[in-house]
Amino acid sequence: MIMGFDDTETKSSRARIFYVDNSGTRIEGDVFAVGSGSTFALGILDTEKRHDLTVDEAVALGLKAIRHATFRDAYSGGFINVYL
């Protein structure tokens, strides 16, 4: 995934997120989860995401989605690092 803030638009600046697959195809969206546990993570994200989340709330939601996936999917897991 590639995330950033686009300040080159004339009407409004906004944060943008893209998923890039192994062939280089880019897909822009609001929420992405990748891997064998992604369906479990997306269930949490789709249910609890809001566009007015604070940074702390967004980080907590991301961690909750990852943790939920690790509990439900045998192939997910390990150490979680969050970089801001």
Side-chain angles (χ1 to χ4, degrees):
M1 287 178 266
I2 300 172
M3 296 169 264
F5 189 81
D6 185 357
D7 61 356
T8 61
E9 294 184 33
T10 56
K11 291 186 178 185
S12 65
S13 299
R14 63 189 176 103
R16 299 174 75 182
I17 181 171
F18 294 87
Y19 169 71
V20 182
D21 70 9
N22 60 344
S23 70
T25 301
R26 294 181 312 267
I27 302 168
E28 186 172 7
D30 292 329
V31 174
F32 291 104
V34 181
S36 61
S38 64
T39 54
F40 302 110
L42 284 170
I44 296 294
L45 296 172
D46 287 341
T47 302
E48 299 187 26
K49 74 174 179 175
R50 299 185 333 264
H51 291 285
D52 63 342
L53 291 171
T54 66
V55 171
D56 289 340
E57 290 172 328
V59 169
L61 178 57
L63 288 170
K64 180 178 180 178
I66 293 168
R67 287 190 178 118
H68 189 75
T70 62
F71 291 135
R72 297 287 183 180
D73 178 56
Y75 298 102
S76 296
F79 192 76
I80 301 170
N81 289 314
V82 176
Y83 299 95
L84 301 177

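What's counted below: heavy atoms across the whole structure, side chains too, no hydrogens, waters or symmetry copies.
The two atoms that bring Ala41 and Ala33 nearest to each other are CB-CB, 4.0 Å, heavy atoms only. In plain terms, the two heavy atoms of Gly37 and Asp73 that are nearest each other are N-OD2, 3.5 Å.
There is a path of hydrophobic side-chain contacts, each under 4.5 Å, that joins Val55 to Leu63. Cluster annotation: Phe40 and Phe71 are assigned to distinct hydrophobic clusters (Ile/Leu/Val/Met/Phe/Trp/Tyr, side-chain heavy-atom contacts under 4.5 Å, transitive).
Rounded to the nearest 0.5 Å, atoms NE2 (His68) and OG1 (Thr47) are 9.0 Å apart. Atom-to-atom distance recorded for Ser38:OG and Ile66:CD1 is 12.0 Å, nearest 0.5 angstrom. Leu61 contributes atom CG, which lies 6.0 Å from atom CG of Leu53 (distance to the nearest 0.5 angstrom). Atom CZ of Phe32 and atom CG of Leu42 lie 10.0 Å apart (nearest 0.5 Å). The distance from the NZ atom of Lys64 to the CD1 atom of Ile44 is 5.0 Å, given to the nearest 0.5 Å. Atom CD of residue Glu48 and atom CD of residue Glu57 lie 11.0 Å apart, to the nearest 0.5 angstrom.
Surrounding CZ of Phe18 are more than 12 heavy atoms belonging to other residues, nucleotides or ligands, all under 6.0 Å away. Heavy atoms of other residues, nucleotides or ligands lying less than 6.0 angstrom from CZ of Arg50 number more than 12.
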Residue pair Lys49, Val31: steps toward the side chain to side chain contact (heavy atoms under 4.5 Å, CB included) verdict:
CA-CA 9 Å; Lys49 74 174 179 175; Val31 174; 3.4 Å; yes

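A donor-acceptor contact closer than 3.5 angstrom links the side chains of Asp21 and Ser23.
Within the 4.5 Å cutoff, side-chain heavy atoms of Asp30 are placed close to those of His51.
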